[in-house]
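Structure first, commentary second.
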Amino acid sequence: MRPTRRAVLLFSLSVPLAMVIVSAWPGHWYFALYLPAAVLAFMATDMIATPSGRRLHVEPSVPAMLYLGRPGAVSAALEMDRGGRREIQALLELTGETKPPGIVSGTMADGRLDLRLPVVPLRRGRVTVQALWLRWNGPLGLTTMRQRRPVGAGIDVVPDVKGIHDAALLFFSREAVFGVKTQRLKGEGTEFENLCDYAQGMDNRLIDWKRSARHRKLLCKEFRQERNHQIVVGFDTGRLMLEPVDGMPKLDHAIKVGLLLSWISLYSGDFIGGCGFDARFRNFLKPGRGMPYFAQFQLFTSGLAYRAEETNFTLGLAELGSRLGRRSLVVLFTEFVDTISAELLIESLQLMARRHVVIFVTMRDPLLTGLQEARPERFPDVAKAVIAADLLRERQIVLERVARLGVHCLDLPAKLISTAVLNRYLMIKQRGLL
């Protein structure tokens, strides 16, 4: 139990007033002791009227799992034997990569109060709720009671699978129909589907001239999108992927997109695999198919650790290429700084693109874009804008060199990466590039 700021302020004001009384009326100096004594008496009364921590019963409820990028909460049910309205403040004591917890207050009515204390994780891993701090004031607001309730519960922070399910359902809702109906995916593949009458606007190369002559009308071939393609998602776990963008590291944004791509690929009948590398080749998941395989891919992404090491693209992509036994679609999430550091990356991508279809995915830095587009007000702002423009120009040079190799390049803000990767994946399948 401690005095509040109000009590300290009143006691501090009573001292100069007592000195004024002593100097003005020296014969009545003993009246000067009444003011500090009165403040102390009110503090003692407020202390007696404040309910102790023994009367407060706390039942915390800690979730077993939190999704990265989605705020969670720890619930606490408070009950106090002594009724009445009373404001109680609560604060979580956390260990782990989270945003600093804030103070949550609530008014207790009829001796009961339910609080929800937000927990916002910043990285994958484990967050531990060490304790719950509680504070409430007395009726006069002169004393405050503080109490620490140990909790000692852990929370696993995993990729946002719930958001993946919602996005996948939204993606497939375009194909939804009322009732049960078999839908066949038609595209520009190589697997023959059927013949159809020629219509204006169709590609002349699709006309089957032999059957058209037999039936005495123009007939065109329709092809079915192939299945059983092999898709491998590569994650760069080096230090450049630890840079936070929109509250999450770039690696976690990449994992979120990879999970969504794996869900849709498995649903479409394709194989899905993955790898992770930085200075060494760390993780590899052999491609598999079927919706139950999504759990293994999710477990694989949970094991991708944060590492502050420089990425060795030559070793990582060479090891990945040696483990791929057939032509595959390689979706590589990585990052680079300038043209010099990207030389080895370009050479490795050139070797990879000779046998496989590669999608090169990077996330645009909002800081550089903001510095370049900001309105300069002082000379340092102009210097920052020039430097940011030079870095963006070098970045564009690297992307153009990679695109000339036949690699599909995507350099977009983090919030637009998911849609761009899915559209490019569908476009590659429709054109039969695999």
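The model shown is predicted, which means the values in this text are computed figures rather than measured ones.
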If you define the side chain from C-beta out and look only at heavy atoms, does anything of Phe284 sit under 4.5 Å from Leu320? yes

Taking Lys256 first and then Asp252, would you say they form a salt bridge - that is, a charged N and a carboxylate O separated by under 4.0 Å? no

Point-to-point distance, once rounded to the nearest 0.5 Å, from CD of Glu400 to CD of Gln396: 5.0 Å

Any sub-3.5 Å donor-acceptor pair from Thr301's side-chain atoms to Gln298's backbone N or O? yes

All heavy atoms of Ala254 vs all of Met363, minimum pair found to be N-CE, 3.4 Å

Side-chain contact test, heavy atoms from C-beta onward, threshold under 4.5 Å: evaluate it for Leu219 versus Lys210 and give yes or no. no

List the steps, then state whether side-chain hydrogen bond (donor to acceptor under 3.5 Å, both in side chains) holds for Asp270 with Ser265. CA-CA 5 Å; Asp270 293 331; Ser265 301; 4.9 Å; no

Contact check, side chains of Ile340 and Glu343, non-hydrogen atoms, under 4.5 Å: no

Are there more than 12 heavy atoms of other residues, nucleotides or ligands under 6.0 Å from atom CZ of Arg282? yes

Check whether any side-chain N or O of Ser328 sits under 3.5 Å from a backbone N or O of Arg326 as a donor-acceptor pair, and report yes or no. yes

Counting heavy atoms not belonging to Arg116, are there more than 12 under 6.0 Å from its CZ? no

Is Arg112 paired with Asp114 through a side-chain N to carboxylate O contact shorter than 4.0 Å? yes

Give the intermediate values and the outcome of side chain to side chain contact (heavy atoms under 4.5 Å, CB included) for residues Met248 and Leu122. CA-CA 6 Å; Met248 287 196 312; Leu122 298 178; over 6 Å; no

CA sep, side-chain torsions, deciding dist, call: Leu332, Leu317, side chain to side chain contact (heavy atoms under 4.5 Å, CB included): CA-CA 10 Å; Leu332 179 62; Leu317 295 181; 4.1 Å; yes

Please name the pair of heavy atoms, one in Leu251 and one in Ala305, separated by the smallest distance, quoted to 0.1 Å. CD2-O, 4.2 Å

Donor-acceptor contacts, no H, no angles, side chain residues 96-105, under 3.5 Å, sequence neighbours left out:
none

Side chains of Cys220 and Cys196, heavy atoms from C-beta outward: is any pair under 4.5 Å? yes

Side-chain donor-acceptor distances from residues 368-383 under 3.5 Å, at least two apart:
| from | atom 1 | to | atom 2 | distance (Å) |
| --- | --- | --- | --- | --- |
| Thr369 | OG1 | Asp365 | O | 3.3 |
| Asp381 | OD2 | Glu377 | N | 3.3 |
| Asp381 | OD2 | Arg378 | N | 3.3 |

Are Asp197 and Lys217 within salt-bridge range, i.e. N to O under 4.0 Å? yes

Begin with the C-alpha distance, continue with both residues' side-chain angles, and end with the deciding distance and a verdict on side-chain hydrogen bond (donor to acceptor under 3.5 Å, both in side chains) for Trp136 and Gln89. CA-CA 6 Å; Trp136 62 95; Gln89 296 178 339; over 6 Å; no

Cation-pi check, Arg124 to Tyr306: give yes when NZ or CZ is under 6.0 Å from the six-membered ring centre and within 45° of the ring axis, no otherwise. yes

Gap between atom CG of Leu351 and atom NE2 of His356 - 0.5 Å precision: 10.5 Å

CG/Leu345 to CD/Gln350 distance, rounded to the nearest 0.5 angstrom? 11.5 Å

Salt bridge between Arg135 and Glu87, side-chain N to carboxylate O under 4.0 Å? no

Rounded to the nearest 0.5 Å, what separates atom OG1 in Thr95 from atom CZ in Arg126? 9.5 Å

Does any part of the side chain of Ile359, heavy atoms only, come nearer than 4.5 Å to the side chain of Val407, both counted from C-beta? no

Test Leu324 against Gln230 for side chain to side chain contact (heavy atoms under 4.5 Å, CB included), laying out the working first. CA-CA 9 Å; Leu324 299 180; Gln230 185 167 283; 3.8 Å; yes

Taking the six-membered ring for Trp, are Phe300 and Phe297 closer than 6.0 Å centroid to centroid? yes

Working to the nearest 0.5 Å, report the span between NZ of Lys250 and CD1 of Ile417. 10.0 Å

Close side-chain approach of Val129 and Ile155, heavy atoms under 4.5 Å: yes

Is the shortest heavy-atom distance from the side chain of Arg280 to the side chain of Asn312 under 4.5 Å? no

Does Leu433 offer a backbone N or O that forms a donor-acceptor pair with the side chain of Arg327 under 3.5 Å? yes

Given the ring of Phe271, does Arg289 sit roughly above its face, with NZ or CZ under 6.0 Å from the centre of the six-membered ring and within 45° of the axis? yes

Any salt bridge between Arg395 and Asp411, counting N to O under 4.0 Å? yes

Got a second to check how far Leu91's CG is from Leu132's CG, nearest 0.5 Å? 8.0 Å

Under a 3.5 Å threshold, yes or no: a donor from one side chain and an acceptor from the other, between Thr311 and Asp236? yes

Ion pair present between Glu309 and Arg239, side-chain N to carboxylate O less than 4.0 angstrom? no

Nearest atoms (heavy-atom pairs only) where Leu115 meets Ala90: CD1-CB, 3.7 Å

Provide the closest heavy-atom pair for Val245 versus His253 in the form atom of the first, atom of the second, distance. O-NE2, 2.6 Å

Tightest non-hydrogen contact, residues Gly321 and Arg355, listed as O-NH1, 4.3 Å

Heavy-atom closest pair, residues Arg424 and Met427: CD-CE, 3.0 Å

Checking Glu394 now: which residues fulfil side chain to side chain donor-acceptor pair (under 3.5 Å) with it, not counting sequence neighbours? none

Would you please test Met241 and Arg307 for side chain to side chain contact (heavy atoms under 4.5 Å, CB included) and show each step? CA-CA 9 Å; Met241 295 296 287; Arg307 299 186 183 275; over 6 Å; no

Flag the pair Phe294 / Tyr267 as yes when at least one side-chain heavy-atom distance between them is below 4.5 Å, and no otherwise. no

